[in-house]
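Quick notes on the structure that follows.
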Amino acid sequence: TDSHGQNGLDPHPVLPIDAHPQDSVSDLKRCIIQQYATAWGLEDRKRDRDGLYLGWELIYGNNHDTDANSHSVLSYHLFLESYGVNNGDILHAVVRK
């Protein structure tokens with residue numbers, strides 16, 4: 001919670017994204033950031049070699065498993081199918097303030 005009592009979470013936490021299993025994580029991040037860079041305050045940040053803003057990651061794990069150890073930060077160079085991401089799965093975007 002910030003000094004204004006806000007929790008910093010988007011009021012629309014589930015965002016439908018159209019992606020193919022053979023899309024890379026970088027492709028998916030690029031798609032997401034086109035829509036949310038401003039809302040997430042990323043536009044003033046440095047970019048990595050793929051042109052993606054630094055300071056945010058995608059997390060994936062079994063959506064029914066509450067064990068944090070079963071979740072993974074998605075690596076930019078792998079494909080979504082490498083993680084077993086399926087249609088309808090939920091990914092979490094974690095943005096550093």
Side-chain angles (χ1 to χ4, degrees):
T1 305
D2 67 16
S3 61
H4 303 289
Q6 301 296 316
N7 65 8
L9 298 176
D10 190 312
H12 306 288
V14 178
L15 312 167
I17 301 292
D18 188 24
H20 189 276
Q22 293 180 349
D23 285 342
S24 70
V25 172
S26 287
D27 293 337
L28 179 58
K29 287 181 81 171
R30 198 170 287 107
C31 176
I32 293 169
I33 214 63
Q34 286 177 348
Q35 298 176 36
Y36 299 100
T38 301
W40 293 350
L42 299 177
E43 292 181 320
D44 293 332
R45 297 185 185 194
K46 293 181 181 181
R47 294 177 184 244
D48 65 14
R49 64 180 174 200
D50 289 330
L52 298 169
Y53 294 107
L54 297 174
W56 77 285
E57 301 294 340
L58 287 174
I59 309 294
Y60 176 70
N62 181 332
N63 295 319
H64 303 289
D65 190 345
T66 58
D67 179 8
N69 293 324
S70 69
H71 293 73
S72 300
V73 175
L74 302 187
S75 182
Y76 70 93
H77 66 280
L78 294 178
F79 297 101
L80 296 176
E81 68 184 0
S82 302
Y83 292 98
V85 175
N86 294 302
N87 187 32
D89 283 351
I90 296 174
L91 302 175
H92 302 273
V94 178
V95 181
R96 180 177 45 110
K97 288 215 170 215

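Residue numbers run from 1 in the order of the sequence given.
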When rounded to the nearest 0.5 angstrom, what distance separates [atom1] in [X] from [atom2] in [Y]?
{"X": "Q35", "Y": "I17", "atom1": "CD", "atom2": "CD1", "result": "5.0 Å"}
{"X": "L42", "Y": "L52", "atom1": "CG", "atom2": "CG", "result": "10.5 Å"}
{"X": "L91", "Y": "H71", "atom1": "CG", "atom2": "NE2", "result": "10.5 Å"}
{"X": "R30", "Y": "S24", "atom1": "CZ", "atom2": "OG", "result": "6.5 Å"}
{"X": "D50", "Y": "Y76", "atom1": "CG", "atom2": "OH", "result": "6.5 Å"}

Looking only at side-chain N and O atoms, does Y60 offer a donor or acceptor that is under 3.5 Å from a partner on D89?
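Side chains of D89 and Y60: pair found under 3.5 Å.
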
Without hydrogens or angle criteria, can the side chains of R47 and Y53 be said to hold a donor-acceptor pair below 3.5 Å?
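The criterion, which ignores hydrogens and geometry beyond distance, is satisfied for Y53 and R47.
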
What pair of heavy atoms forms the shortest contact from L54 to R45, and how long is it?
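Shortest heavy-atom contact: O-CD, 3.1 Å.
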
Quick one: closest heavy-atom pair of Y83 and S75, and the distance?
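Taking Y83 first and S75 second, the nearest heavy atoms are OH-N, 2.7 Å.
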
Would a distance-only check, ignoring hydrogens and angles, find a side-chain to backbone donor-acceptor pair under 3.5 Å from D23 to D27?
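Here the side-chain-to-backbone pair does not exist.
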
Test item: N86 side-chain N/O and G84 main-chain N/O as donor-acceptor pair under 3.5 Å:
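Yes; judged by distance alone, with no hydrogens or angles, the pair exists.
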
Would you call K29-E57 a salt bridge at under 4.0 Å N-O?
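Counted as a salt bridge, because a side-chain N and a carboxylate O are separated by less than 4.0 Å.
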
Below 4.5 Å, heavy atoms only, C-beta onward: do V95 and Y36 meet side chain to side chain?
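Answer no - side chains too far apart.
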
With a 4.5 Å limit on heavy-atom distance, are the side chains of V85 and F79 in contact?
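Side chain of V85 against side chain of F79, heavy atoms only: no contact under 4.5 Å found.
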
Knowing that exactly one of L58, I59, V73 qualifies, which makes a side-chain contact (heavy atoms from CB on, under 4.5 Å) with V94?
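Testing V94 for a side-chain contact (heavy atoms from CB on, under 4.5 Å) against L58, I59, V73 leaves exactly one candidate, I59.
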
